[in-house]
2 protein chains.
Amino acid sequence: MENNLKNFSVSEKCPVRNVLDRFGDKWSILVLLVLGEVEKMRFNALHKTILDISQKMLTVTLRSLEADDLVKRTIYPEIPPRVEYEITERGKSLLTHIHNLTAWAEENMLDILESREKFKS
Amino acid sequence: MENNLKNFSVSEKCPVRNVLDRFGDKWSILVLLVLGEVEKMRFNALHKTILDISQKMLTVTLRSLEADDLVKRTIYPEIPPRVEYEITERGKSLLTHIHNLTAWAEENMLDILESREKFKS
DNA sequence: CGGAATCCCTTCAGATACTG
DNA sequence: CAGTATCTGAAGGGATTCCG
């Protein structure tokens, strides 16, 4: 038992954390959820869908997802330029688990908020 | 379609983010994973299992999990004091989905790391 | 033993301005 | 249109000290 737990000790040696940390940020899951509902989407369309993300963070998030091959980026060398984003197969396989998580969150949200209120007092 | 996407727009109105943000931090999932493998565990034992967490962050994380009723905290008024933590039923139901995610992470880790390398160049 | 409180540094992320 | 670059305030999180 203790030996199994040791695996969690140091972050660099834990493969799970190495990967999960990447989309454990503020926006990655959200972007993935949006891209999971469309075929392709342009940068500005994404920005309009997620109103409270800054242009900078949207770019950073998309680059990170692209690096992990969770999202594919296609540039059309036109004038004006056009860039489209779409979810990859790997992204879809992750999204399945994300959906399970969000479903759990929706089911338990009210109870959790209630627990938080009780905890304050 | 567009109408569905609007739900994601503003964070305060998105129940999912409200809940997921809470354990989207650096340590919550890890603590939950550890507590999912034992019956009960004392503070110092947890600290020894997760070597690279600070005492402060362990405390903060545990309080947060306790507030959401994902973890139960029991104080034994002895000298020296003893405090034990255990996962709740709600915590276990969440852990199921976490395990699916970590399994996915383990399966895809090598490919993802490879993608990241390619992306650099 | 199991914290709480404080200090302090680093990283995150928003606003703004500029560019191919 | 789809970014990049820079600046800056806010937040996260570590180290240390103190306490019941």
Side-chain angles (χ1 to χ4, degrees), chain A residues 8-12 14 17-18 20-31 34-35 38 40-67 71-86 119-120, chain B residues 8-12 14 17-18 20-32 34-35 38 40-68 71-86 119-120:
Chain A
F8 298 120
S9 309
V10 180
S11 58
E12 294 78 51
C14 178
R17 288 171 69 183
N18 203 315
L20 291 188
D21 278 359
R22 194 64 168 259
F23 42 81
D25 68 338
K26 193 174 177 182
W27 300 110
S28 294
I29 289 181
L30 192 54
V31 170
V34 171
L35 287 179
V38 296
K40 297 183 173 186
M41 208 164 186
R42 299 181 66 166
F43 185 88
N44 273 355
L46 268 169
H47 203 178
K48 282 171 191 164
T49 304
I50 309 175
L51 285 175
D52 52 346
I53 194 175
S54 67
Q55 197 177 38
K56 171 185 166 183
M57 290 315 298
L58 180 54
T59 301
V60 169
T61 302
L62 285 169
R63 288 293 175 286
S64 167
L65 291 172
E66 188 193 1
V71 159
K72 182 183 172 190
R73 178 171 179 254
T74 309
I75 309 171
Y76 298 87
E78 309 167 350
I79 309 253
R82 179 162 58 103
V83 178
E84 289 186 335
Y85 295 91
E86 61 186 309
F119 189 75
K120 284 182 186 174
Chain B
F8 297 120
S9 308
V10 180
S11 58
E12 293 79 50
C14 177
R17 289 171 69 182
N18 202 316
L20 291 187
D21 279 358
R22 193 62 167 260
F23 42 83
D25 68 339
K26 193 174 178 182
W27 301 109
S28 294
I29 289 181
L30 191 54
V31 170
L32 221 50
V34 171
L35 287 178
V38 297
K40 298 182 173 186
M41 208 164 187
R42 299 182 63 167
F43 185 88
N44 274 353
L46 267 168
H47 203 179
K48 282 170 191 163
T49 303
I50 308 174
L51 286 175
D52 52 345
I53 194 175
S54 68
Q55 199 177 37
K56 171 186 168 182
M57 290 316 298
L58 181 54
T59 301
V60 169
T61 302
L62 286 169
R63 289 294 173 284
S64 168
L65 292 172
E66 189 193 359
D68 287 10
V71 160
K72 181 184 172 189
R73 179 172 179 251
T74 309
I75 309 172
Y76 299 88
E78 309 167 350
I79 308 259
R82 180 162 57 100
V83 177
E84 289 185 337
Y85 296 90
E86 61 186 308
F119 188 75
K120 284 181 187 174

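As judged by a 4.0 angstrom heavy-atom cut-off over every strand, Tyr85(A) is placed among residues touching the sugar-phosphate backbone only.
Rounded to an integer number of Å, the gap from CD of Glu78(A) to C1' of dC1(D) is 11 Å. Distance Lys48(B) NZ to dG2(C) C1': 12 Å, rounded to the nearest Å. A straight line from CG of Leu62(A) to P of dT4(D) spans 10 Å, rounded to a whole angstrom. Residue Phe43(A) contributes atom CZ, which lies 11 Å from atom P of dC1(D) at whole-angstrom precision. In this structure, CG of Asp21(A) is placed 11 Å from P of dC12(C), rounded to the nearest angstrom. The nearest whole Å value for the distance from the CG atom in Leu51(A) to the C1' atom in dG14(C) is 15 Å.
The side chain of Arg63(B) approaches dG3(C) more closely than any other nucleotide in the set dC1(C), dG3(C), dG3(D). Of the candidate nucleotides dC1(C), dG3(D), dA2(D), dA2(D) has the atom nearest to the side chain of Arg42(A).
Going from atom CD1 of Ile29(B) over to atom OG1 of Thr61(B) covers 11.5 Å, rounded to the nearest 0.5 Å.
Geometrically, Arg82(B) engages Tyr76(B) in a cation-pi contact, judged by NZ or CZ lying under 6.0 Å from the ring centre and within 45° of the ring axis.
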Does the protein touch nucleotides 6-20 of chain D at the base, only the backbone, or not at all? Give it as B, S and - per nucleotide, heavy atoms under 4.0 Å. -B-----BBB----B
